[in-house]
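Structure first, then comments.
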Amino acid sequence: MSDPTSAPRARVFFVAGATGYVGRSTVGAAAATPGVRAVAHVRPDSPTLATWRTRFAALGDAALGVAVDATPWNEDAMAATLARLRPAAIFALLGTTRRRGASSGDTYESVDYGLTALLFRAAVRAARTTPADPPPRFVYLSALGANARSRTAYVAVRGRFEDELRAGPLPWTIVRPSFITGPDREESRPMERVGAAVVDALARPVGMLGARRVADRYRSITGSALAAALVRLADDPRAAGSVLESDALRG
């Protein structure tokens, strides 16, 4: 597959966390956007790398399509890749779960914060090597209630990165959805599905009483709906420097 920068006037959207529930849909939404070449990042040691290459190759149009990038999670290597690709937008959709971490050793600190912060530092370095290009929009998938001072590790690490992103030199958009779930989610997360169902049931009467924005803030959202919003926001100059919650993500 050719270098994404070789396509005339193509803008590159780089998706980190491309194999996750939201990431897969974001790659598809980016690939369906006219003039955009989606680059899906898959870690080089993934046992399903070949499968993802095949799966992503079926997306997009014949002219631009989807490229799979397997740059290792090393800051120097990632900075070199981003300098070569010169993306217009970088989507940071990285995350792990306690269940997955129990078998892999991954933690919220090492993945949700650590890899995201590495990607951001690499993006800053890459932007400095191509000063003639507009810096990429860093689109960060955070979480509702993100706060660096929280006692809950999941929202604390996301709040900490939000603080660093806002203080950094790149244009950014932060998205804080509530539950992300749907019938197309391949990974079984029974507690999350139950939680989303309970919150959605509680939000329904709140919306009927006139507080629709409050209800929409807490209602669950599907991966495809969220991905469409992420890609739309990456192209929206009004979303630069904005923190958006679920009520602003429904098209």
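Everything numeric in this text was worked out from a predicted model, so none of it was measured.
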### Task
Keeping the roles fixed (side chain from S25, backbone from A227), state whether a donor-acceptor pair exists under 3.5 Å.
no
query: Do V27 and W52 have side chains that get closer than 4.5 Å, going by heavy atoms?
result: no
Shortest non-hydrogen pair, L233 vs R137, comes out as O-NH1, 2.9 Å
| So V68 and L49, side-chain contact (heavy atoms from CB on, under 4.5 Å) or not? Walk me through it. | CA-CA 9 Å; V68 172; L49 176 57; 4.1 Å; yes
Candidate pair E162 and R166, rule salt bridge (Lys or Arg N to Asp or Glu O under 4.0 Å), full reasoning: CA-CA 6 Å; E162 282 191 13; R166 283 189 257 207; 3.1 Å; yes
(Q) Could you check whether any side-chain N or O of Y21 sits under 3.5 Å from a backbone N or O of G223, counting only pairs where one atom can act as donor and the other as acceptor? (A) yes
dist Y154:OH -> Y108:OH (nearest 0.5 Å) comes out at 7.5 Å
When rounded to the nearest 0.5 Å, the distance separating OG of S110 from CG of L115 is 6.5 Å
#### Entry: Parallel, tilted or perpendicular: rings of H41 and W73 (30°, 60°)
perpendicular
State, yes or no, whether a side-chain contact exists between T48 and V42 at a heavy-atom distance under 4.5 Å. no
Minimal heavy-atom distance between S150 and T152, with the atoms involved, is OG-N, 3.0 Å
In this structure, OG of S142 is separated from CG of L244 (nearest 0.5 Å) by 11.5 Å
Here the pair of heavy atoms bringing R232 nearest to L249 is NH2-O, 4.0 Å
On a heavy-atom basis, the closest approach of D112 and Y140 is O-OH, 4.3 Å
inquiry  = I'd like to know if the side chain of R24 and the backbone of T19 have a donor-acceptor N/O pair within less than 3.5 Å.
reply    = yes
Output for pair (R84 CZ, D69 CG), nearest 0.5 Å, gives 6.5 Å
Q. Would a 4.5 Å heavy-atom cut-off, applied to side chains only, mark L141 and L93 as touching?
A. yes
Over 60° means perpendicular and under 30° means parallel, so tell me whether Y113 and F161 are parallel, tilted or perpendicular. perpendicular
Separation between CG (L94) and CZ (R43), nearest 0.5 Å, reads 11.5 Å
Here the gap from D76 atom CG to T81 atom OG1, rounded to the nearest 0.5 Å, amounts to 11.0 Å
When every non-hydrogen atom of A122 is compared with those of A79, the smallest separation belongs to CB-N, 3.6 Å
Within the 4.5 Å heavy-atom criterion, are T116 and L165 side-chain neighbours or not? no
- Task: Apply side-chain contact (heavy atoms from CB on, under 4.5 Å) to the pair T173 and F91, showing each step before the final yes or no.
- Result: CA-CA 10 Å; T173 298; F91 296 84; over 6 Å; no
Minimal heavy-atom distance between A88 and F13, with the atoms involved, is CB-CE1, 4.1 Å
Checking the side chain of T26 only, and the main-chain atoms of V22 only, is there a donor and an acceptor separated by less than 3.5 Å? yes
Which of V39, T71, I90 passes side-chain contact (heavy atoms from CB on, under 4.5 Å) with L85? Answer is V39
Taken in chain and number order and not counting sequence neighbours, the residues that satisfy salt bridge (Lys or Arg N to Asp or Glu O under 4.0 Å) with E75 are R121, R125
